[in-house]
Amino acid sequence: MKSALPNTLMLVLASASFLFAQGARIRVIAIGAHPDDCDIRSAGTAALFAAKGAAVKFVSVTNGDAGHQTMPPRALAARRLAEAKESARRLGIEYEVLNNHDGELLPALDVRKQIIRLIREWNADIVLAPRPNDYHPDHRYTGVLVQDAAYMVVVPHVLPETPALRKNPVFLYFEDNFQRPNPFRTDIAVAIDSVIDKKIDALDSHVSQFYEWLPWVDGKLGDVPKDPSERKAWLKRTGTGAINPETRASLVKWYGPKTGNATKYYEAFEICEYGAHPDDARIRQLFPMLR
Ligand SMILES: [Zn+2]
């Protein structure tokens with residue numbers, strides 16, 4: 001039995017490198033409306049994916065040029081692009097910001113084509129996006145645009161200059177709190193305790209948002225600490241909340257009772273009806289952190 005372990009280990013390593021050579025590296029693309037949306041909803045999951053060797057890309061469909069109380073749009077767009085790139089550097093992923101105006105996004109054909117092209121070029125296994133019943137029109141239409149792309153990514157005559165995917169990806173929604181017409185359903189809860197500080201680090205790179213614009217909108221600009229490390233601790237306190245019973249049940253389902261009940265920080269996703277229909281075994285294949 002003593003010699004069995006190295007042999008088994010070699011077999012596992014050999015099959016892992018074989019899978020890698022066959023292009024089995026998991027490929028994830030998250031699509032948000034603004035250059036911090038993907039970070040808020042999935043930075044922890046992205047960090048876990050990256051640590052497991054997956055290829056992860058965040059996309060912002062708008063350039064975020066309306067998200068500030070004083071900064072002029074053009075300068076703001078440049079600043080937010082730099083913030084997004086810094087967030088990606090901290091997470092070990094890629095970030096692309098499309099040059100559509102913030103606050104003016106419509107579910108139009110030209111933007112749908114941009115999204116089809118991005119999903120195809122990334123050869124995505126998993127696509128993350130908002131649900132189409134969010135309060136913000138840009139979020140809402142990003143949800144619609146990704147839904148509208150969900151079938152078209154496999155249709156060769158649509159956008160023929162970018163080859164169609166042969167397999168439809170799994171499309172997942174980011175979590176939200178909107179109740180109508182139907183509330184978010186937690187299908188997959190990812191425990192992110194081990195990377196919560198990395199997530200806060202990623203959010204911290206969006207200085208214009210978390211320390212300027214969002215507190216200003218909420219009338220809480222005076223609450224933001226000046227010291228950089230105090231600022232991060234404040235962000236962690238204010239940006240994380242309690243776990244509801246549905247999420248707790250999902251954590252227990254995926255991780256077992258010990259880890260599931262002990263988890264403090266999570267990100268949750270709902271499986272979209274469009275695209276591939278994964279069973280639990282397929283989800284465990286696609287989400288190596290759940291194995
Ligand atoms: Zn947003």
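Side-chain atoms are counted along with the backbone in the values below, which use heavy atoms only and exclude waters and symmetry mates. Counting starts at 1 for both ligands and their atoms, following the listed order. None of these values were measured; they are calculated from a predicted model.
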| query | Quick one: ring pair (Phe, Tyr, Trp, His ring centres under 6.0 Å) partners of Y274, sequence neighbours excluded? | reply | none

Give the table of side-chain donor-acceptor pairs shorter than 3.5 Å for residues 142-171, with sequence neighbours excluded, one pair per line with atom names and distance.
| unit_1 | atom_1 | unit_2 | atom_2 | d |
| --- | --- | --- | --- | --- |
| T142 | OG1 | D138 | O | 2.7 |
| Q147 | NE2 | Y173 | OH | 2.4 |
| N168 | ND2 | A150 | O | 2.9 |

| task | Output, by chain and residue number, all protein N/O/S atoms separated from the Zn ion (ligand 1) by less than 2.8 Å. | result | H34 ND1, D37 OD1, D37 OD2, H139 NE2

| message | In terms of relative ring orientation, are W216 and W213 parallel, tilted or perpendicular, with 30° and 60° separating the classes? | response | parallel

| Parallel, tilted or perpendicular for Y95 and F58, by the 30°/60° rule? | perpendicular

| message | According to ring pair (Phe, Tyr, Trp, His ring centres under 6.0 Å), who are the partners of H206, at least two apart in sequence or on a separate chain? | response | none

| Taking the six-membered ring for Trp, are F287 and F49 ring centroids under 6.0 Å apart? | yes

